Amino acid sequence: GSDTDQQLVFIPIAAVLFLMIGYQYVCPADSNTCYFRSDEKGLFQRYSSGFELVYTEADEDLPSKITSKFNFTERDLDRHVDFNIRGDDVMVFLHIQKTGGTTFGRHLVKNIQLEQPCDCMPGQRKCTCHRPGRADSWLFSRFSTGWSCGLHADWTELTSCVPVVMNKRDKKSAQKNKRNFYYITMLRDPVSRYLSEWKHVQRGATWKTALHMCDGRSPTQDELPACYSGEDWTGVPLADFMSCPSNLANNRQVRMLADLSLVGCYNMSTVSELERGRVLLASAKANLRNMAFYGLTEFQRKTQYLFERTFGLRFIRAFTQINSTRAASVGISEKVRWRIEGLNALDVELYEYAKELFLRRYQYNRQRQHREEPTTEDYSSQVVRW
């Protein structure tokens, strides 16, 4: 028996040694990229640009460690929509730039199991997503209806424009009052998202045809000055990108989810910057929380699962996590990272909130599913397959 005892003692020692060596490997003694935090449930927090930008989902079906900064009610967690595709319900996809929205948008038109799938003509950018037996769209998105409310229309634009557009599109607008609009969106870690937008703009993207409608008009040039003088901002260095005060990349997620009319739209002189930020952040949190569904780019499979549970729809092919995106290949220093976090302080706060709510919703749905169907084949077999 003494041999077994020695082996049993050896196992925990080996485990501790392995963790210490692993910790040294991930966090060399001379780097300040990792530090212990007593309030963290995990072993160590990784705060290096390299690690955080390459998002993996290795922890996929293990319970993720969830921070507990916010108080969410059961109503916040229990999202189930009786999506009536045969009736007048409409799903509205709010697509924020560089959040993996193009990929998600393609899933919506090409990857949902439907009685009447969207009709995607080869070589066509758009698909026709009609209800069974009716020439009437159930999905409002770039790949179905196109940018009918403007390029990358935000919450402020969509909420005032979508009902009007959908009632024009559909001839029988008799029951327009019964129509439910279910808003969905995708969010992404703000530093990765910002760097991805910089790379995209550097390659020539401008989105200058976006309308930015608010309170019935687009902003004036004084309210929203351009960051560049020519046709576009091709080749812009990161330092220049960061130093333009009117760069719409800054806090883009909060701005696109908030009700901008609460702060006088793009007119910066109506309230102080601090108050403006406070109001926009609170509005973005409320609008996000009250949407039918949102996903996180960093958690593709959890996003798929939550969408399926929320709408009672199923995807044909599993979502995949792309671990190397353009932002991931940008090595940035700690100093630059702090600068980006500073420029996107509202987005950083929103994302922290969104991530906790998202993981709690996932946890809640998993637990409910286990109660509903203890011997389920349906999902556990899929989980194993993935």
Side-chain angles (χ1 to χ4, degrees), residues 55 76-77 79 81 83 89-109 111-112 129 138-163 166 180-190 192-194 196-197 207 210 212 248-249 251-260 280-300 302-311 313 315 319 344 346-362:
Y55 36 80
D76 295 332
L77 303 183
R79 286 276 124 152
V81 169
F83 188 68
D89 290 355
V90 177
M91 206 181 286
V92 183
F93 178 37
L94 192 166
H95 181 176
I96 301 171
Q97 285 90 321
K98 317 316 293 175
T99 55
T102 300
T103 304
F104 184 73
R106 283 207 188 95
H107 283 304
L108 293 176
V109 294
N111 195 22
I112 303 181
C129 296
W138 59 267
L139 174 65
F140 184 99
S141 74
R142 165 203 194 167
F143 292 130
S144 49
T145 49
W147 300 115
S148 321
C149 288
L151 176 64
H152 282 283
D154 57 22
W155 191 92
T156 307
E157 295 177 289
L158 289 173
T159 48
S160 61
C161 163
V162 170
M166 292 309 275
N180 294 311
F181 294 102
Y182 294 110
Y183 281 75
I184 62 178
T185 196
M186 288 290 290
L187 293 184
R188 183 177 179 185
D189 160 68
S192 309
R193 199 214 63 77
Y194 186 88
S196 178
E197 178 161 343
W207 301 295
H212 304 297
L248 288 171
N251 294 310
R252 180 181 285 285
Q253 296 178 106
V254 163
R255 193 185 61 256
M256 289 184 70
L257 288 173
D259 178 355
L260 297 178
L280 290 180
L281 180 62
S283 172
K285 282 180 179 174
N287 291 339
L288 186 72
R289 185 177 62 241
N290 295 321
M291 275 187 180
F293 163 84
Y294 69 90
L296 300 183
T297 314
E298 285 76 12
F299 300 99
Q300 291 292 319
K302 288 183 173 74
T303 292
Q304 170 176 1
Y305 175 78
L306 272 182
F307 180 94
E308 291 179 336
R309 291 279 301 183
T310 305
F311 287 102
L313 294 166
F315 289 102
F319 284 24
N344 293 277
L346 301 178
D347 270 19
V348 168
E349 261 196 81
L350 176 70
Y351 188 76
E352 193 183 4
Y353 177 86
K355 186 172 172 179
E356 184 178 322
L357 178 54
F358 176 85
L359 292 174
R360 289 200 178 280
R361 280 180 179 175
Y362 178 79

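Values below: all heavy atoms of this structure, side chains included; hydrogens, waters and symmetry mates excluded. Along the sequence shown, residues carry numbers from 1. Being a predicted model, the structure only gives us computed values, none of them experimental.
- Using cut-offs of 30° and 60° on the angle between ring planes, the pair Phe319 and His107 is parallel.
- Gln300 contributes atom CD, which lies 9.0 Å from atom CD of Gln304 (distance to the nearest 0.5 angstrom).
- The minimum heavy-atom distance between Phe93 and Thr185, with the atom names listed, is CE1-CA, 3.9 Å.
- Between Asp154 and Leu94 the shortest heavy-atom distance is C-CD1, 4.1 Å.
- Side-chain contact check for Leu296 versus Leu359: every heavy-atom pair is 4.5 Å or farther apart.
- Of all non-hydrogen atoms in Arg252 and Leu248, the two that sit nearest each other are CB-O, 3.5 Å.
- Here the CH2-CE distance, from Trp138 to Met166, works out to 10.5 Å after rounding to the nearest 0.5 Å.
- Leu187 CG to Thr303 OG1: the interatomic distance, rounded to the nearest 0.5 Å, is 9.5 Å.
- Under a 3.5 Å cut-off, the side chain of Glu197 and the backbone N or O of Lys98 do not form any donor-acceptor pair.
- Applying the ring-ring contact (aromatic ring centres under 6.0 Å, His included) rule to Phe143 yields no partners; only residues at least two apart in sequence or on another chain are considered.
- Side-chain atoms of Met91 and Phe293, non-hydrogen and from C-beta on, never get closer than 4.5 Å to each other.
- The aromatic rings of Phe311 and Phe83 lie perpendicular to each other, with more than 60° between the two planes, well past the 30° mark.
- Closest approach of Arg188 to Gln253, counting heavy atoms only: N-OE1, 2.9 Å.
- Taking the six-membered ring where the residue is Trp, Phe358 and Tyr294 present tilted rings, their angle falling between 30° and 60°.
- In this structure, CG on Leu257 lies 11.5 Å from CG on Asn251, to the nearest 0.5 angstrom.
- The closest side-chain heavy-atom distance from Val90 to Tyr182 is not below 4.5 Å.
- Here Trp155 contributes atom CH2 and Arg255 contributes atom CZ; the two are 15.5 Å apart, rounded to the nearest 0.5 Å.
- For Thr102, the side chain to side chain donor-acceptor pair (under 3.5 Å) partners at least two apart in sequence or on another chain are Arg142.
- Minimum heavy-atom separation, Arg361 to Leu77: CG-O, 3.7 Å.
- Between the side chain of Ser144 and the main chain of Leu139, a donor-acceptor pair closer than 3.5 Å is present.
- A 4.5 Å side-chain heavy-atom check between Asp347 and Tyr194 finds every atom pair outside the cut-off.
- Residues Leu108 and Phe307 meet the side-chain proximity criterion, which asks for heavy atoms closer than 4.5 Å.
- Counting heavy atoms from C-beta on, the side chains of Leu350 and Leu281 come closer than 4.5 Å.
- For the atom pair CZ of Arg309 and NZ of Lys302, the computed distance is 15.0 Å after rounding to the nearest 0.5 Å.
- Between Thr310 and Ile184, the closest side-chain pair of non-hydrogen atoms is not below 4.5 Å.
- Residues Met256 and Gln97 have side chains in contact (heavy-atom distance under 4.5 Å, counting atoms from C-beta outward).
- Judged by distance alone, the side chain of Arg193 and the main-chain N or O of Ala249 form a donor-acceptor pair under 3.5 Å.
- Remark: the backbone N or O of Ser192 is not paired with any side-chain donor or acceptor of Ser196 at under 3.5 angstrom.
- Contact record, Phe140 with Cys149: CZ-SG, 3.6 Å, taken as the closest heavy-atom pair.
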